[in-house]
Structure formats: C-alpha cells, structure tokens
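What you see is a predicted model; the values in this text were computed from it and never measured.
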Amino acid sequence: MEKVPMTSEGYRSLEEEIRFLKSVERPRIIKAIAEARAHGDLSENAEYHAAKEQQGLNESRVAELEDKMSRADVIDVTKLSGDTVMFGVTVTLVDEDNDEESTYQIVGELEADVKKGRISITSPLARALIGKSVGDSVEVVTPGGGKSYEILKISFG
C-alpha cells in the first residue's frame, strides 16, 4: 500500500471535506431523491436520475478521500529542520532569466494549488529542488522550455 505524503493542514482539510460530504451533501441528496421519487414514474424522471448520479459521485468522492486518509503519511512541518529542500518546506526562488521571485511550499499531490503557492512533491520543479540548498541553481524542463532558478531562502513551518 503506497503512502500518501501530506502536511497536517492537508490532512485536516481532507477531514473537513469528508465531514461536509457526509453531513451536508449526503442528506441533501437523499432529500432530493425522496422528492423526485414522490413525483411518480422513475423511468422518465430526470430529477431522480440526476439526484442518483449526484449520490454516486458524492459517495465515490468520500471513498476516495477516506482511502487517501487511510494511507496518509502526515508530516509535521513544524518539526522539520535542516538546510536542504524537503517535503513541507517553503522555498523562495528567483528566476535567473527575469529576476522574478516566487515562493512555494512543497506539499502532497492532494494539497497542491499553485495559486496559493503550494506545489506537489511530484511536480518537476519540486523534484528538481529536493535535496538542494540556499544558493544552488536548478534547471527545470517546462512545456515552454528550460527554466533556471536559484534558491534564495528555505523556511520550515
């Protein structure tokens, strides 16, 4: 069974989503199915079929999230230390071509959100950064071509 790395925050986020799906969405869908059933003939009832489809999607999402949680390898970022890039750290980079700075936290796949500055441990950039230190340069192959970054800062927690 393959472990799924994630931060404590990511684990709590999964718990909250499961709680929402079970305590809010599930009852709402059950109510929609009951209301649609009350309309009569189920074979021609689009509302019923839509609600049943929603139910299937909701239950499969719950099962997927519960599976990820059961395989979670929760890493407490506040207890990490060192001087190299690893899972959970926040790293500040400078693009060596245009001197633009960017900051990313390296997180698990389920937590990744580039808009929030969180990149997946499996992304090309994160894989290039792992094990590197402040002052190191990394080359990353992107769809737009190669990019070079220098590591300016590594922070934990």
Side-chain angles (χ1 to χ4, degrees), residues 1-82 84-93 95 100-132 138 140-144 147 149 151 153-157:
M1 192 169 359
E2 185 180 328
K3 289 289 189 183
V4 179
M6 67 181 67
T7 63
S8 312
E9 183 182 324
Y11 190 83
R12 279 191 302 278
S13 175
L14 288 183
E15 286 178 320
E16 288 170 19
E17 185 174 353
I18 289 172
R19 195 172 309 118
F20 173 78
L21 292 173
K22 285 181 170 181
S23 64
V24 177
E25 281 301 296
R26 186 181 280 165
R28 182 190 64 75
I29 293 169
I30 290 170
K31 184 179 177 192
I33 290 171
E35 287 174 7
R37 211 181 247 141
H39 293 241
D41 184 13
L42 298 181
S43 64
E44 299 282 325
N45 190 329
E47 291 170 357
Y48 174 78
H49 293 290
K52 288 298 279 183
E53 185 175 335
Q54 278 184 330
Q55 183 180 40
L57 292 172
N58 189 65
E59 295 308 315
S60 67
R61 180 68 178 159
V62 167
E64 175 190 358
L65 294 176
E66 286 177 338
D67 172 61
K68 299 283 191 219
M69 285 181 68
S70 72
R71 296 183 296 125
D73 182 11
V74 180
I75 297 163
D76 186 351
V77 178
T78 61
K79 293 185 177 158
L80 298 176
S81 63
T84 60
V85 177
M86 63 183 79
F87 181 89
V89 304
T90 300
V91 61
T92 302
L93 310 169
D95 185 321
E100 274 187 38
E101 283 189 25
S102 49
T103 302
Y104 300 107
Q105 182 181 19
I106 299 174
V107 297
E109 287 184 45
L110 294 173
E111 305 170 76
D113 185 345
V114 175
K115 291 178 183 127
K116 293 181 180 175
R118 299 164 66 89
I119 60 172
S120 168
I121 186 78
T122 60
S123 71
L125 178 56
R127 287 197 316 252
L129 291 169
I130 296 296
K132 301 290 191 274
V138 295
V140 181
V141 178
T142 66
K147 299 284 275 174
Y149 298 97
I151 301 172
K153 181 180 172 190
I154 298 170
S155 57
F156 297 86

Salt bridge (Lys or Arg N to Asp or Glu O under 4.0 Å) contacts touching residues 61-70 (sequence neighbours left out):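 Listed once each, the pairs are E17-R61, K22-E66, R61-E64, D67-R71.
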With [X] via salt bridge (Lys or Arg N to Asp or Glu O under 4.0 Å) - residues at least two apart:
X	value
D95	K147
K79	D76
R37	none
R28	E25

Listed partners of [X] passing side-chain hydrogen bond (donor to acceptor under 3.5 Å, both in side chains), at least two apart:
X	value
K132	none
E59	R26
T103	T92

Any chance you could measure [X], atom [atom1], to [Y], atom [atom2], to the nearest 0.5 Å?
X	Y	atom1	atom2	answer
Q54	I33	CD	CD1	8.5 Å
E53	I29	CD	CD1	11.0 Å
N58	L21	CG	CG	5.0 Å
E101	Y149	CD	OH	13.0 Å
S60	Q55	OG	CD	11.0 Å

Mind checking whether L129 and V89 have side chains closer than 4.5 Å, heavy atoms only?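 Not touching, per the 4.5 Å side-chain cut-off.
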What I'd like to find out is whether the side chain of V107 reaches to under 4.5 Å of the side chain of E9, using heavy atoms alone.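 With C-beta onward as the side chain, the pair stays apart.
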Holding to side chain to side chain contact (heavy atoms under 4.5 Å, CB included), I want the full list of residues that pass it with [X], two or more places apart in sequence or in another chain.
X	answer
E15	Y11, R12, R19, M69
T84	M86, S133
A36	N45, E47, Y48

Before you tell me yes or no, could you show the steps for T7 and I75 under side chain to side chain contact (heavy atoms under 4.5 Å, CB included), namely the whole-Å CA-CA distance, both residues' side-chain angles and the distance that decides it to 0.1 Å? CA-CA 5 Å; T7 63; I75 297 163; over 6 Å; no
Looking only at heavy atoms, what is the nearest atom pair of F156 and V77, with distance?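 Scanning both residues completely, I find the closest heavy atoms to be CB-O, 4.2 Å.
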Identify all side-chain donor-acceptor contacts of residues 113-128 below 3.5 Å with residues at least two apart in sequence or on another chain.
residue: D113; atom: OD1; partner: K115; partner atom: N; Å: 3.2
residue: R118; atom: NH1; partner: Q105; partner atom: OE1; Å: 3.0
residue: R118; atom: NH2; partner: E111; partner atom: OE1; Å: 3.1
residue: S120; atom: OG; partner: T122; partner atom: N; Å: 3.1
residue: S120; atom: OG; partner: T122; partner atom: OG1; Å: 2.8
residue: S123; atom: OG; partner: S120; partner atom: O; Å: 2.8
residue: S123; atom: OG; partner: A126; partner atom: N; Å: 3.2
residue: R127; atom: NH1; partner: T122; partner atom: O; Å: 2.5

